[in-house]
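Convention: sequence-line order gives letters A, B, ...; per-chain numbering from 1. Side-chain atoms are counted along with the backbone in the values below, which use heavy atoms only and exclude waters and symmetry mates.
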Protein chains: 2
Amino acid sequence: MSDRPTPRVVIQGVQPEIDCGRFPIKRTIGETVDVEADVFADGYDVVACVLRYRHEDDETWSEIAMEPLGNDHWRARFAVGKLGQYIYTIAGWLDPFQTWYQDFLKRISAGQDVTVDLLIGAGLLQAAAQRAAGADAAKLKRLASGLKPADVDDRLSALASIYADRTDATFHKELRVTVDPIRARFSTWYEMFPRSCGTFKHCRRVLPEIAELGFDVLYFPPIHPIGHSHRKGKNNARKAGPGDPGSPWAIGSEEGGHKAIHAELGTLEDFRNLVAEAKRKGIEIALDLAYQCSPDHPYVNEHPEWFRWRPDGTVQYAENPPKKYEDIYPFEFETQHWRSLWEELKSIVEFWIEQGVRIFRVDNPHTKPFDFWEWLIRDLKKRYPDLILLSEAFTRPNIMYRLAKLGFTQSYTYFTWRNTKNELTEYFTELTQTEVREFFRPNLWPNTPDILHESLQKGGRPAFMARLVLAATLGANYGLYGPAYELCENVPSEPGGEEYLNSEKYEIKRWNFHDTSSLRGFIKRVNAIRKENPALQSDESLRFHPIDNDQIICYSKHTSDKRNVVVTVVSLDTVWKQSGFLELPVDELGIDVRHPYPMVDLLSGARYMWQGSKNYVELRPGETPAHILKRE
Amino acid sequence: MSDRPTPRVVIQGVQPEIDCGRFPIKRTIGETVDVEADVFADGYDVVACVLRYRHEDDETWSEIAMEPLGNDHWRARFAVGKLGQYIYTIAGWLDPFQTWYQDFLKRISAGQDVTVDLLIGAGLLQAAAQRAAGADAAKLKRLASGLKPADVDDRLSALASIYADRTDATFHKELRVTVDPIRARFSTWYEMFPRSCGTFKHCRRVLPEIAELGFDVLYFPPIHPIGHSHRKGKNNARKAGPGDPGSPWAIGSEEGGHKAIHAELGTLEDFRNLVAEAKRKGIEIALDLAYQCSPDHPYVNEHPEWFRWRPDGTVQYAENPPKKYEDIYPFEFETQHWRSLWEELKSIVEFWIEQGVRIFRVDNPHTKPFDFWEWLIRDLKKRYPDLILLSEAFTRPNIMYRLAKLGFTQSYTYFTWRNTKNELTEYFTELTQTEVREFFRPNLWPNTPDILHESLQKGGRPAFMARLVLAATLGANYGLYGPAYELCENVPSEPGGEEYLNSEKYEIKRWNFHDTSSLRGFIKRVNAIRKENPALQSDESLRFHPIDNDQIICYSKHTSDKRNVVVTVVSLDTVWKQSGFLELPVDELGIDVRHPYPMVDLLSGARYMWQGSKNYVELRPGETPAHILKRE
């Protein structure tokens, strides 16, 4: 037993709080953090509590009084206006003068003699005066010296409360929120192999078109020298033919490794120029962070201690038994020399940050230790809080969520494999309506160079349009492996597989962006709708709505002031016309059902007069398999 | 960065775990603790994990391998066979030989050359041999010296796993479970003012009857000397008349305080004899622990520092402004002399423990500091692990739950004020199907000397029968303020109030236990049913079932082996006949619906042949407003 009993106020059930405070939550700049908690004490004393917060670079705390919601539940919110991490916590204490004041009012109402009570109240004011200074101290002292019933009012009580004794305040553990740039929440990615344009200089010419299409992140697969040992040929052939360029993920050759640029793409200066020109067009260049080496990578000779060696004196290549990837050497993250390895890997990111890159798509982070990522991201974000890291971990949910918790800014999702109404509803409800939304920012990709889903293979153009609309409206962050998507490339390398035939990973493609059947116009329209409608720029307002047809999915997003409400309706049938009656929660969406209200289809421009909560929709896959409807 | 990277295995989402491990869960002796968690690592290495547990008095841990349930979720259970606290945790580590073995099998299946792989496997066995001893070490060493494909099998893999390197194991924080005696889970309380029998010697004569009624806890309001200053008269009159005995909760007079016995009840020896005699009849005497004093309590003179003093030189009496309770002085728990006060208060419990008492009903614990209780209970339970403390905190849910978490064995509930089907269903689902069940043991009281609910005032005998059945079957722990309940006393002291007219708190009553209209026979039957049916002796299997009549509530309890299934049906209408079709989840209850099955009403003895999941019931309040049906 210590010299004082421990503080009597209990603070529990604090939300948001991830894994008992082990991990920060996430916000983007300008957003708010709504904090709720149960705060209470034994007995009948009045409890006061505040939300405390500060940016980690600031020393002084700001405080906001929490609002009681009943049953010991309290709430307050603060806005995050600066990149980096904020710290927040709750403090609670007893307020004896408030307790006294509330009792006093009851005694007065009951006509009781309050002579002794006034002496008690005066004693409390005297104590408050000692904690106050200046005019307040003087005022409290004066009142304490001869307290009269007429002195006692809400103003006096509020003044005394300011100087309540906090010696025995209870403090909740300090929680954190990582504040990222807006693009962490709202971004539109275009993936492109720069070598298919030619050089970085050729890529510069494509920038205006990509900007016009409405993309603001241009992501390149690795741009480094490519190994020649065990180089893969076209369609992942075990042996490359002469002239086969190899997979960009087989990083490193005699020409250099992760900090070098493939000579055929240009120079470092060309790259810096491209980055700068892209920024002027509103586009960030995103690089691929693939921590692995080709057998020809300089690291293999210079740092053999960073790799695992087999008893036959060879380096352990990547494997997924019985499959062997002899063109790839993974790092041995648990080598005795892990410090130097980890520092070097971090320096790769620093190198590209210095060239102007702020967004990285991280290849297979789930095959590297969690603590490596937590250390790397924390350190880099401290110095470069505008950094964005997209986790490409297609693995089990616990692992994907762990990577998000420990710092990844955005994450690939299972979207590609969620195709039915039930699958989509269940998954996106989990991502946006549960605790997951506090740490996991979904980035939705209908395709990638690795994944051509069966629905696209079989559904053709209507499927490409439907999946695009789903990605772009379910997710404020979405991306396309662009050239193949625009042209509705849908032939797999083998039946039942998800690899592209003649995959761009193993050969240089020349895409005809001006094909008349291209989806360019549609993509441009969809991206413009995203830019014009703030409702589509975040995910937490996503709600699914009933419609009496399993082939049609309906959902809405809205801004917190409900001025911008967007209702999306997508047909999952790529062949037949589908129709049904959908039902909107009109009250929640702020729709007045006493009058008809116009809904404009932002895709087609059509204008519908709706009435009440139930309305009819009809979709023809041959035309446009979706409505993106805005309440005018 | 430390010298080694941190362990790669993650353990999260451990259940049960209360408030991040801050509080123990509860079990009774012989029960099991089912522990589940997500355990995983980065990459593809095989993870192993165990549940570890030990009694706090033991030094060595027991381990149980956890069973993988898919998606990184694991489960294991252990039984608690000893009173006191057990500690449990989870340990997880990587098992490189298992990883190697699983890959090896795939390589063999694919017909690959495994020469180098055998060398790698041998190296792992060599390392395992170094951690092993005796025959195992020798065997591992021998195999390591020339590993052949034929040597590699499940047995070898299992042997190597035993000696997996745990240097980098991850350990979850240590969690606790308090193991209480069976009576903490299953008890039947009878509350009686001993002075209404006369003396303790007279009470002894009543013991056989109480035992016959099926009660196993006999709870007495305070048995100490009663103050005379400001003593309350009949019906809580401000002034006592001559001969008015006063409220037993106004504890202390010149004759003594909390460690003394009211002279009119007998001597300490009489009390000890009563306790011993009760034990022989299977009954525990429970005492009231009311930490407050009458103005005449010896503490007031001997320890003025334990009370709060008003500026007029008087002791602060209890208040709920504008109400004043001048016959009661609360303790000042935060006095500078809190250590001596707290120790003295603890010594009161110790005193009565020494007289043979093991059960205490604690009066208004929510008006004393949480930390006081946590300290007192933890210390006492360490020495007397069979101690049972019932929390009488009728206050807000957070506070009631907090008291349960910090150590109270059982708790009063809102049962008295939950009367409709919806209210009962919602409340008891919360108590038995959520995390609450891990720490809060409900004890259901249809009445107390303070609470005569309107439903009993207005519903008469059918209401007394229905509320009794509800309490006795919804709660494995339940109690009655017995004499008044048996005789269906239902006149309140004022309309709209919940106090009894001529309350026994302020006068000595002589009850006619042999009134022919008494509920004795019915109570005896209900308590016998509880004793014969283990399904009714715990709460976690409670499930509510649909019935197409809002005036009838239906629920079941069953043992884990489903050998004992009890379905209770209660009419909430005290006037009219009610009937309906109820629907049982026959699969969950292990009922074979291909054949009719007999259901016996344990209250009436009637036998019904039921068929399928839907069956008809009909209840007449004039007869018996309930069925307690057992599947034969």
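- Contacts between B:Lys368 and chain A at a heavy-atom distance below 4.5 Å involve the backbone alone (N, CA, C, O).
- In this structure, the side chain to side chain contact (heavy atoms under 4.5 Å, CB included) partners of A:Pro322, at least two apart in sequence or on a different chain, are B:Lys106, B:Ala110, B:Gln112.
- Within a 6.0 Å sphere centred on CD of B:Glu426, other residues, nucleotides and ligands contribute 12 heavy atoms or fewer.
- Here CG of B:Leu119 is found 8.0 Å from CG of A:Asp312. Values are rounded to the nearest 0.5 Å.
- For the pair B:Phe104/A:Pro321, no side-chain contact is recorded, criterion being any heavy-atom separation below 4.5 Å from C-beta on.
- Residue A:Arg310 qualifies as enclosed at atom CZ: its count of foreign heavy atoms under 6.0 Å is above 12.
- Partners of B:Gln126 under the side-chain hydrogen bond (donor to acceptor under 3.5 Å, both in side chains) rule, at least two apart in sequence or in another chain, do not exist in this structure.
- Here the CZ-CD1 distance, from B:Arg308 to A:Ile120, works out to 8.0 Å after rounding to the nearest 0.5 Å.
- Residue A:Lys382 places its NZ atom among 12 or fewer non-hydrogen atoms of other residues, nucleotides or ligands, all under 6.0 Å distant.
- If you measure heavy-atom distances from B:Pro365 to chain A, you find no contacts under 4.5 Å at all.
- Note: B:Asn398 leads B:Asn398, B:Asp371, B:Val10, B:Ile399 in heavy-atom pairs under 4.5 Å with chain A.
- Chain B forms more heavy-atom pairs under 4.5 Å with one residue of A:Val116, A:Asp117, A:Asp168 than with any other, namely A:Val116.
- Around the CD atom of B:Gln336, the shell of radius 6.0 Å holds no more than 12 heavy atoms that belong to other residues, nucleotides or ligands.
- Residue B:Arg22 holds its CZ atom at 13.0 Å from SG of A:Cys20, rounded to the nearest 0.5 Å.
- At a threshold of 4.5 Å between non-hydrogen side-chain atoms, the residues B:Glu319 and A:Asp103 do not count as touching.
- Contacts of residues 37-47 of chain B with chain A at a heavy-atom distance below 4.5 Å involve B:Asp38, B:Phe40, B:Ala41, B:Asp42, B:Gly43, B:Tyr44, listed in sequence order.
- Residues satisfying the side chain to side chain contact (heavy atoms under 4.5 Å, CB included) test with B:Thr434, not counting sequence neighbours, are B:Glu430, B:Val436.
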